[in-house]
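Worksheet: one structure, shown below.
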Amino acid sequence: MGKQALDILSSKLAASGKFLLLERSDIASLLEEAKKSDNGLATIGADYMIIGSITEFGRKNVGKEGVFTNVKTQIVEAAVAIRLVDVSTGLIIYSDEGKGSAEMTTKTTMGVGGKASYDATLSDKAISEAIGQLVENIINKCTDKPWRTFFLSYDSDAQLIAGGASQGVKVGDTFAVKTKGKQVKNPQTGVMIELPGKQIGTVTVSATGGDTPETEYSFVSFAGEGATINADKLTDYYIEEIK
């Protein structure tokens with residue numbers, strides 16, 4: 001059932017078109033398959049991790065018998081709890097539980113009619129309803145921060161950033177270029193906090209490319225008042241949506 005819940009959640013998040021979902025549950029199988037490939041497996045870092053479990057699950061049959069009519073109902077109830085964790089800090093930024101139910105009723109009159117046999121699809125329906133209550137909040141929590149990306153390349157031939165059309169990037173868009181902020185440690189919690197970066201200029205998109213959301217890129221041109229980009233230290237910069 002945990003695998004069922006994972007598949008349902010993945011499908012709902014993928015349908016929103018707002019995420020790149022990374023496979024982690026079957027990582028052992030992926031690594032084993034990667035050994036057969038010349039290219040190997042390049043793992044990708046995630047921004048958020050969703051941890052969850054089915055906390056309640058029950059199935060019951062209720063019925064009503066009359067002189068001529070019998071009514072039987074199968075009811076499945078499920079509860080799913082999830083925690084949304086910011087991978088960079090380990091902090092739980094959202095925690096909630098959703099509940100769902102599904103039922104099937106059959107009716108016989110004078111011995112004629114359907115029989116309420118075991119219906120496995122009711123489990124999926126109940127779990128799906130429970131997860132559906134949580135998905136919108138997950139999306140809102142993950143997307144309330146400005147969109148951010150990074151330089152892929154910066155030289156005389158091309159200036160490239162990650163991201164393209166599927167992420168809403170289009171020709172003419174302008175984004176802020178910032179240096180990474182200083183890392184400081186909160187003495188009370190022990191959590192490392194990244195301070196806001198300093199904006200040193202902007203980039204404007206001139207073209208987009210790539211075949212899939214994971215491989216999309218955009219050509220940009222950098223403009224800064226006296227600032228320059230150190231091509232040897234591209235990880236010191238990030239590109240952020242201007243709000």
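In this structure a side-chain-to-backbone donor-acceptor pair under 3.5 Å is present from Q133 to K99. In this structure a side-chain-to-backbone donor-acceptor pair under 3.5 Å is present from E241 to W147. The closest donor-acceptor contact from the side chain of T149 to the backbone of A162 lies under 3.5 Å. Side-chain atoms of S153 do not come within 3.5 Å of backbone N or O of L160 as any donor-acceptor pair.
Q74 has its side chain within reach of R59: a pair of non-hydrogen atoms, C-beta onward, lies under 4.5 Å apart. Contact check for V169 versus F175: side-chain heavy atoms found under the 4.5 Å cut-off. Counting only heavy atoms from C-beta outward, the side chains of M104 and L122 approach each other to under 4.5 Å. In this structure, S95 and I82 have side chains that are not in contact, with every pair of non-hydrogen atoms separated by 4.5 Å or more. Here the side chains of V177 and T202 are not in contact, with every heavy-atom distance at 4.5 Å or above. When side chains are defined from C-beta on, F222 does not count as touching T228, because their heavy atoms never get closer than 4.5 Å. Residues T235 and F151 are not in side-chain contact: their nearest non-hydrogen atoms beyond the backbone lie 4.5 Å or more apart. No side-chain heavy atom of N61 sits under 4.5 Å from any side-chain heavy atom of K72.
Between atom CG of residue L6 and atom CD1 of residue I131 there is a gap of 8.5 Å, rounded to the nearest 0.5 Å.
More than 12 heavy atoms of other residues, nucleotides or ligands shown are found within 6.0 angstrom of CZ on F19. Within a 6.0 Å radius of CG in D211, no more than 12 heavy atoms belonging to other residues, nucleotides or ligands are found.
Note on Y238: it does not cluster hydrophobically with I200, by side-chain heavy-atom contacts below 4.5 Å among ILVMFWY residues. Criterion: ILVMFWY side-chain heavy atoms under 4.5 Å apart, direct or through other members. Under it, L21 and I138 are part of a common hydrophobic cluster.
Under the rule for a side chain to side chain contact (heavy atoms under 4.5 Å, CB included), the partners of T212 that lie at least two apart in sequence or sit in another chain are E214, T215. Applying the side-chain hydrogen bond (donor to acceptor under 3.5 Å, both in side chains) test to D7 and every residue at least two apart in sequence or in another chain returns K3. Every side-chain hydrogen bond (donor to acceptor under 3.5 Å, both in side chains) that S166 has, sequence neighbours left out, goes to E216. Partners of Y237 by side-chain hydrogen bond (donor to acceptor under 3.5 Å, both in side chains), not counting sequence neighbours: none found.
For residues 127-144, no residue pair satisfies the salt bridge (Lys or Arg N to Asp or Glu O under 4.0 Å) rule, not counting sequence neighbours. Under the salt bridge (Lys or Arg N to Asp or Glu O under 4.0 Å) criterion, the residue pairs touching residues 173-186 are K170-D173, K178-E240, with sequence neighbours excluded.
Between the side chains of S123 and Q4, not a single donor N or O lies within less than 3.5 Å of an accepting N or O. For the residue pair D86 / Y48, no side-chain donor-acceptor distance below 3.5 Å is found, with atom types taken as modelled.
Residues A78 and A130 come closest through the heavy atom pair O-CB, 4.1 Å.
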- request: Could you go through the side chain to side chain contact (heavy atoms under 4.5 Å, CB included) check for Y154 and N230 one step at a time?
  value: CA-CA 8 Å; Y154 194 99; N230 186 342; over 6 Å; no

